[in-house]
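The block underneath contains the structure these notes are about, expressed in structure tokens.
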Amino acid sequence: MEIKLARNMGFCFGVKRAIRIAHQVRRETEEKVWTLGHIIHNPQVVEKLEKEGIVAAEDLSEVDSGYVIIRSHGVHPKILKKIREKKLKEVDATCPLVKKAQERAKQLVLEGYETYVIGEKEHPEVVSIVGGTGGKVRVIDCVEGLKITDSKVGLVVQTTQSQDTLRKVVDYLLPKVLEIKVFNTICDVTSKRQKEVKKLAEKSDIMIIVGGKKSANTSRLAGISREEGCLTYHIEEAKEIKNKWFTDVDRVSVASGASTPDWIIKEVINKLKKINANYVDIDIDKEEILHERRVKFNN
Ligand code: SF4
């Protein structure tokens, strides 16, 4: 059995940055440190942070004092207002790419475009983008149900969406409008991982996607792999792996979402190595990545 590892795995820079900020605040204060919602969509990381005294509050009403860290997805401005009213200390760890999407949406509205966000309506990132425009943009998941009323249309995209979806929406709109302004706010990290998973899935019997079940970017990777017809398992931890998955299987690939920590990836790789002690096929690039990880793990 061959095991191939995706080249781009582990935390993206936005998640690394948010966790670094949270740790920095924790080190520098004796006061309570909160995150509003889970800092990232990975329950194991959230649990680890709680043990370190960085606690996730589901709602601002749970927070009485101290620091509130705004997670990488950003928040609706009305939440920021409440934080200030409660005289809490706000620390903004919104990913700079999400900030850019928020700003672009505002810009399109100000320039008079009928503006749409392509994304998941309930996702915190999309909520923050819509909120930043005072609710003046509409959310669409693709072309279904898209009824434009203006000839001047603007588009921004949730950072975890696929380029294919954006292309479908643009192709649909082009013949219908006089003017279209598109800010492709899809995160490069996400699209690189999606492309890689698509390629790996084409050549694999099984794909194992590692990451939080509620993580949009991780679930999208699993979706892309399934669309390629590859038998796909989306797991959060190594203990979910079952030996029976590998009966009569020659090629297995492993990829992860942007909010999956290295230590979970390492556990998954170790478990796979135990199941398949005979042969692990890793190409030169991936050998380098593994080497880097080994160094990091040992620190
Ligand atoms: S996936 Fe991209 S947009 Fe999302 S937090 Fe990471 S770097 Fe930022």
Side-chain angles (χ1 to χ4, degrees), residues 6-25 35-46 49 54 56 69-76 79 91-107 117-132 137 139 141 155-166 182-198 209-225 234 236 255-262 264-265 289 296:
R7 186 175 178 178
N8 299 287
M9 295 222 274
F11 286 161
C12 63
F13 86 90
V15 165
K16 263 188 208 152
R17 180 177 171 273
I19 291 182
R20 193 181 59 237
I21 291 172
H23 278 141
Q24 194 179 336
V25 176
T35 62
L36 205 46
H38 291 169
I39 193 162
I40 56 170
H41 285 147
N42 186 284
Q44 292 73 26
V45 172
V46 171
L49 289 172
I54 302 163
I69 295 161
I70 309 299
R71 57 190 176 175
S72 53
H73 297 316
V75 283
H76 193 292
I79 305 282
V91 181
D92 191 0
T94 308
C95 174
L97 298 182
V98 174
K99 276 236 161 151
K100 199 174 271 177
Q102 294 169 343
E103 281 157 17
R104 296 305 193 203
K106 273 193 243 172
Q107 180 188 336
V117 188
I118 306 170
E120 297 150 79
K121 205 171 183 174
E122 307 297 329
H123 192 281
E125 178 190 326
V126 176
V127 171
S128 81
I129 296 171
V130 176
V137 299
V139 184
D141 51 12
L155 289 176
V156 293
V157 199
Q158 182 182 353
T159 53
T160 46
Q161 288 292 306
S162 73
Q163 300 287 352
D164 277 353
T165 306
L166 173 60
V182 182
F183 284 115
N184 186 347
T185 45
I186 295 172
C187 166
D188 192 33
V189 169
T190 317
S191 53
K192 263 191 202 151
R193 288 181 196 222
Q194 290 172 351
K195 268 188 216 147
E196 202 181 5
V197 160
K198 196 169 188 288
I209 303 286
V210 191
K213 298 265 163 73
K214 289 188 182 158
S215 154
N217 77 80
T218 312
S219 302
R220 193 159 306 283
L221 294 181
I224 288 170
S225 173
H234 178 174
E236 285 187 352
S256 89
S259 49
T260 312
D262 276 351
I264 290 185
I265 296 167
I289 293 279
K296 214 157 139 199

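Side chains included, hydrogens not; waters and symmetry mates left out as well; all remaining heavy atoms used. As the structure lists them, so they are numbered: ligands from 1, and atoms in each ligand from 1. We're numbering straight along the sequence, starting at 1. Treat the numbers as computed from the prediction; the structure is a model and nothing was measured.
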Legend entry - Qualifying residues under salt bridge (Lys or Arg N to Asp or Glu O under 4.0 Å), relative to K106, sequence neighbours excluded: none

Inset, instruction - Give the minimum heavy-atom separation between N42 and T260, together with the two atoms involved. - result: ND2-CA, 4.1 Å

Inset, instruction - With rounding to the nearest 0.5 Å, note down the distance linking CD1 in I265 to CE in M9. - result: 5.0 Å

Inset, instruction - Count, excluding waters, the protein N, O or S atoms that are closer to atom 2 (Fe) of ligand 1 than 2.8 Å. - result: 1

Inset, instruction - Would you confirm whether R220, through its side chain, and T160, through its main-chain N or O, come within 3.5 Å as a donor-acceptor pair? - result: yes

Inset, instruction - Applying salt bridge (Lys or Arg N to Asp or Glu O under 4.0 Å), name anything that partners K213, two or more places apart in sequence or on another chain. - result: E240

Legend entry - Those residues that, when tested against H123, pass ring pair (Phe, Tyr, Trp, His ring centres under 6.0 Å) (two or more places apart): H41, H73

